[in-house]
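When reading the values below, keep in mind they use all heavy atoms of this one structure, side chains included, and skip hydrogens, waters and symmetry mates.
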Amino acid sequence: MRCMGGHDDSQRSNQQNDIVVRLFAACTCLPPYCAVVPGLCMIWCIMTDGNTRRRMWSVPFVKSLTGFVAVLLLSTLRYGDAKSMLTCAGVSAAMVVMVYLRAVITRKGIRFFLNIAMMGSIANAVIATVQALVFDTAGGYRATGLFYNPNYFAMMSGFVLVLALYLWFSRMSNKLLIIAAITGAFVGLVLSNSRTGLFCALFGALLLILWMKTRRGALYFALSFGAITAVLICFPQLLRLDELGTSFGTRTELWHIAMEGIKQRPLLGQGAWSFVRIAHGTAPMGEIHAHNLLLELILSSGILGTALLGLYLFGNLRGLVRVRRREQDAGLSSAALVLFCMVLLHGLFDVTVFAPQNAVALMLMLAVAGLVKEQRTDKK
């Protein structure tokens, strides 16, 4: 009877967690504040389900991630203000979400997310097109879709392009949906008018093709690259080349401000939301972050906190590599690794992964590393 009761509890736990994963997946194509709903549901699951808590605590290097949160919290308490504390709470919650998804992820949940991402790409492309038609009266308008700004939108469009290509090369069904999603991703990249976003999307597509070793993919990429090059030659304003010097100059100023802040407290950092505090209103164009992912992390949590976060991510990437050795999951884990590389590349010039939709999408794909536990079960 106890065994039967334990089985029922485990089944109920899995069902609850599957619902929460689906809610998080749905949030990747909804306005940012919608992530509050699955977040509250996740907290309820963690508080009421001991099995979920045990699974989360067994995630590799979770103690390292806990250390990162502790360092960020201590630095924020020491040097921060009210906004800093609010930001720290948001970052801490995001870390809990990352561990939670890694602990409870299933193939069914990943498939649901992929379908949602395809449909979200189409919906955002339609919204962005309407925005461009309504607001682009004087030229130069950059569509945002359902995102805070166009750069966040471009990052998600790049994500969807890579995921759609993975589905296409894996010979999944719903070819029309995949084609529509790829079209939507390109519409998003064009209307968001993000140079870095477009470059990262092309980089991600090429990297996926190389890892999946598909000749057909190489042909598609060559044709797409040629078409994009032709469009950019005909419409050079899409790259905003006239703004390139100003944009790079602005970023170098932001990086200089961040590095000065790092020099003041290199070990533990300045706490969350610290860029605004150390800039003292001198940041060009009123920017609120360093526009460099590594500098932002070191500035906020110091070398120690960044190293602890890096250790957790190393364990996650190692799990993805292990999953990739399994033929049925090789393409899926390759797509997850590509998304992580895209974030690192985009992180050289911006921190678009901080957008809730982008962060959750990346976390869901990094959670694919959790499928390694299913491999172990199969071997038994």
Side-chain angles (χ1 to χ4, degrees), residues 1-28 34-70 73 89-116 308-309 311-326 328-329 332-333 336 356 359-380:
M1 293 294 291
R2 286 183 180 178
C3 181
M4 185 176 297
H7 175 72
D8 291 341
D9 290 341
S10 177
Q11 189 175 25
R12 189 182 308 112
S13 172
N14 291 337
Q15 290 173 348
Q16 291 174 349
N17 288 325
D18 183 60
I19 292 172
V20 176
V21 169
R22 287 169 179 261
L23 288 174
F24 271 118
C27 287
T28 59
C34 293
V36 173
V37 175
L40 294 174
C41 294
M42 177 196 69
I43 292 172
W44 184 82
C45 287
I46 294 173
M47 292 180 64
T48 60
D49 184 14
N51 184 43
T52 297
R53 292 196 299 271
R54 285 189 294 271
R55 289 160 70 179
M56 289 178 65
W57 198 245
S58 66
V59 169
F61 296 99
V62 67
K63 293 181 180 178
S64 173
L65 190 63
T66 305
F68 162 73
V69 173
L73 178 60
V91 173
S92 301
M95 297 302 101
V96 175
V97 172
M98 182 160 59
V99 175
Y100 173 80
L101 291 175
R102 167 74 188 270
V104 305
I105 200 66
T106 62
R107 286 184 177 81
K108 185 166 62 174
I110 289 294
R111 285 196 295 270
F112 181 82
F113 162 63
L114 292 174
N115 287 328
I116 284 291
L308 290 169
L309 176 61
L311 187 60
Y312 172 81
L313 291 174
F314 166 77
N316 205 132
L317 295 176
R318 187 176 65 173
L320 286 174
V321 172
R322 288 179 178 176
V323 172
R324 192 170 181 268
R325 294 171 185 165
R326 190 173 188 177
Q328 72 178 101
D329 296 319
L332 182 61
S333 57
V360 172
L362 179 65
M363 290 174 186
L364 281 163
M365 289 305 294
L366 289 179
V368 169
L371 297 179
V372 72
K373 61 181 179 289
E374 294 186 22
Q375 287 181 261
R376 292 170 182 166
T377 303
D378 291 344
K379 289 179 181 178
K380 291 179 181 180

Given the rule in the side chain to side chain contact (heavy atoms under 4.5 Å, CB included) test, do Tyr312 and Val99 qualify, once you have shown the distances and angles that lead to the verdict? CA-CA 10 Å; Tyr312 172 81; Val99 175; 4.1 Å; yes
Indicate the atoms forming the closest heavy-atom contact of Leu320 with Ala369, along with that distance. CD2-N, 3.5 Å
Close side-chain approach of Gln328 to Arg107, heavy-atom, < 4.5 Å: yes
To the nearest 0.5 angstrom, please state how far the CG atom of Leu362 sits from the OG1 atom of Thr28. 12.0 Å
Look at the side chain of Ser64 and the backbone N and O of Leu308, then say whether any donor-acceptor pair between them is shorter than 3.5 Å. yes
Evaluate side chain to side chain contact (heavy atoms under 4.5 Å, CB included) for Arg324 paired with Asp329, printing each intermediate quantity in order. CA-CA 6 Å; Arg324 192 170 181 268; Asp329 296 319; over 6 Å; no
Find out whether Phe113 and Ile105 are in side-chain contact, i.e. whether some heavy atom of one side chain is under 4.5 Å from a heavy atom of the other. no
Is any side-chain heavy atom of Cys27 less than 4.5 Å from a side-chain heavy atom of Pro38? yes
If the condition is side chain to side chain contact (heavy atoms under 4.5 Å, CB included), which residues does Thr52 pass it with, not counting sequence neighbours? Ser13, Asn17, Ile46, Asp49, Met56, Tyr100, Val104
Considering all heavy atoms of both residues, which atom of Thr48 and which atom of Arg53 are nearest to each other, and what is their separation? N-NH1, 4.1 Å
Taking the side chain as every heavy atom from C-beta outward, state whether Ser333 and Val321 have any pair of such atoms under 4.5 Å apart. no
Test of understanding: with side chain to side chain contact (heavy atoms under 4.5 Å, CB included), list the residues that count as partners of Arg22, not counting sequence neighbours. Asp18, Lys108, Phe112
Measure the spacing between CG of Leu364 and CZ of Phe24 and express it to the nearest 0.5 Å. 8.5 Å
How far apart are the C-alpha atoms of Ile19 and Cys41, what are their side-chain angles, what is the distance that settles it, and do they pass the side chain to side chain contact (heavy atoms under 4.5 Å, CB included) test? CA-CA 9 Å; Ile19 292 172; Cys41 294; over 6 Å; no
Quick one: does Arg102's side chain have a donor or acceptor within less than 3.5 Å of a partner on Leu366's backbone? no
Decide yes or no for Leu311 and Leu65: does some side-chain heavy atom of the first lie under 4.5 Å from some side-chain heavy atom of the second? no
Applying side chain to side chain contact (heavy atoms under 4.5 Å, CB included) to Met365 and Leu332, what does each step give before you reach the verdict? CA-CA 8 Å; Met365 289 305 294; Leu332 182 61; 3.9 Å; yes
Inter-residue atom distance Leu371.CG - Arg322.CZ, 0.5 Å rounding: 14.0 Å
Are Leu309 and Phe61 packed together at the side-chain level, in the sense that at least one heavy-atom pair is separated by less than 4.5 angstrom? no
